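Below is one structure, written out as structure tokens; the observations come after it.
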Amino acid sequence: MGDTLWHGRFQGGPTEALKELNDSLSYDRRLFREDVAGSMAHVTMLATVGLLAIDERDAILGALERVRDELETGVFVFERSDEDIHTAVERRVTQLAPAGAKMHTGRSRNDQVATDLRLWVKAELTEIVDLVLRFQRTLLRQADANVDAYLPGYTHLQQAMPVMLGHHLLAHGWALTRDVDRLFDAHRRTDVSVLGAGALAGSSLPLDPDQTADLLGFARRFENSLDAVSDRDFVADSLYGLTMLGLHLSRLGEEMVLWASQEFGFVTLDDGFSTGSSMMPQKKNPDIAELARGKAGRLIGDLTGLLATLKSLPLTYNKDLQEDKEPLFDAIDTVRLTLLALDGMVGTITFNTEVMAEQADSPFACATDLADYLVRAGMPFRAAHAVVGELVRKALAGEGSLPDLVVGHPDLGPEAADIFRPGQGARRRSSPGSGGAQPVAVQRGRFEAQLIADQQRLEALRRS
Ligand code: ARG
């Protein structure tokens with residue numbers, strides 16, 4: 001059994017209870033690539049400032065490569081003394097190359113773990129953005145494939161005014177562009193190297209944190225070592241971005257649950273993306289959409305859990321900070337799976353455009369457009385609202401159909417009743433950003449341009 005990192009100072013070994021609570025290896029081993037990369041940069045820097053001989057550097061770098069291979073292929077043997085991934089890697093490197101005993105010079109696990117985690121977050125956020133963009137393209141493709149379709153728009157879940165289906169789908173698409181922006185922003189804040197901050201106060205050795213920042217591809221280095229080792233804002237920022245994204249997916253999921261119901265019947269889900277019932281043979285259930293809804297709760301838990309951990313922590317590193325990883329890993333995994341499944345579900349959905357149209361063509365959905373007709377003829381909107389409202393009341397009271405009442409009204413008449421022709425309400429809406437056919441075509445172009453710009457931003461990040 002190997003020694004603890006602090007065996008010089010202690011007489012007894014750690015108890016089982018301490019190890020079980022304290023060790024983080026079971027989950028932080030997924031940071032092994034970042035840990036090896038961080039150590040390589042550190043060791044390279046130590047040699048350039050004269051703290052390691054060239055042959056020592058090369059022996060350690062060779063051992064680090066081997067350790068990475070062992071971890072990659074699953075042949076790495078962990079020992080009981082391996083408290084976390086940092087301990088495990090250093091212990092094995094030192095077994096392979098005695099110079100490994102020098103690799104922790106001027107470094108603490110406090111700056112090491114924060115650097116590893118930042119490297120990991122940067123890569124993962126990039127992948128999540130990639131998946132969001134893919135899902136946005138799926139929404140756009142469905143909008144294009146159903147370019148003539150329209151449906152009722154809702155407020156209070158009551159039919160309000162008809163809109164083009166593309167308008168509704170792109171509404172979700174635009175919310176996702178804000179998520180992409182937030183994730184880019186979290187990435188930018190994460191892009192700071194904290195290696196060289198040491199345990200908390202830096203070092204009396206001639207370290208060069210700019211060099212390690214550069215070697216690791218960070219945009220800049222930390223400014224204050226105390227802040228560097230205690231700062232987990234980048235985890236909170238990332239979790240907030242992921243939670244908002246999950247929240248948007250939950251809203252879309254909820255609508256798909258409603259739309260797939262017998263009561264709405266707006267969509268039919270592909271068999272590959274729905275489930276059946278073990279008892280009721282007729283059932284086809286929208287589980288993916290329901291889980292998109294449900295997983296948002298879990299993401300909110302990840303975010304609030306981390307915020308509670310950070311609250312009131314004194315400077316600088318405290319072991320509480322080890323609790324940053326599990327919620328972060330969970331949120332990334334949850335969002336990735338949800339995005340992939342939703343993308344498949346929405347990409348294969350059939351929109352029942354006749355059912356949507358039938359609902360949207362309900363005469364009452366055109367009431368606002370009728371009032372607008374009167375406004376165009378010079379009537380104040382309040383008066384127009386009252387005129388149409390009275391006709392709606394009469395129609396509901398059985399005094400005639402709304403179209404008949406419109407035709408017979410002195411201020412309205414047959415020309416106004418043209419609005420009742422199928423699809424007129426949605427198609428005719430014309431103001432910029434509105435749900436009519438023509439403005440939606442304009443919006444579609446802008447949305448696609450935004451996707452291209454975001455894709456380019458992503459490629460630039462990947463190259464940097
Ligand atoms: N496993 C620890 C973490 O994730 C590494 C840092 C330990 N630092 C220390 N001073 N005990 O936070």
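Residues take their numbers from the sequence shown, with the count starting at 1. Both ligands and their constituent atoms are indexed starting at 1 by order of listing. Since the structure is predicted, the reported quantities are computational estimates derived from the model, not experimental observations.
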Ligand-side contact atoms (ligand 1) for residue partner [X], heavy atom cut-off under 4.0 Å:
X    : result
S24  : 1 (N)
D84  : 1 (N), 2 (C), 5 (C)
Y317 : 2 (C), 3 (C), 6 (C), 7 (C), 8 (N), 9 (C), 10 (N), 12 (O)

To which protein heavy atom is atom 8 (N) of ligand 1 closest, and what is the distance rounded to 0.1 Å?
N110 OD1, 2.9 Å
If you have a sec, work out which protein heavy atom is nearest atom 1 (N) of ligand 1 and how many Å separate them, to one decimal?
Q322 OE1, 2.7 Å
Residues that D271 engages under salt bridge (charged side-chain N to carboxylate O under 4.0 Å, His left out), provided they are two or more places apart
K284
Look at atom 11 (N) of ligand 1 and find which of R232, E323, Q112, R109 reaches it with the closest heavy atom.
R109
E72 and R33 ion-paired at < 4.0 Å:
yes
Ion pair present between D179 and R182, side-chain N to carboxylate O less than 4.0 angstrom?
yes
Could you list the residues that satisfy side-chain hydrogen bond (donor to acceptor under 3.5 Å, both in side chains) with R444, not counting sequence neighbours?
D144, E448
Would you say the side chains of Q95 and R92 form a donor-acceptor pair under 3.5 Å?
yes
Do the side-chain N and O atoms of T309 and E323 include a donor-acceptor pair separated by under 3.5 angstrom?
no
Does the residue K325 have a heavy-atom contact with ligand 1, meaning some pair of atoms that are separated by less than 4.0 Å?
yes
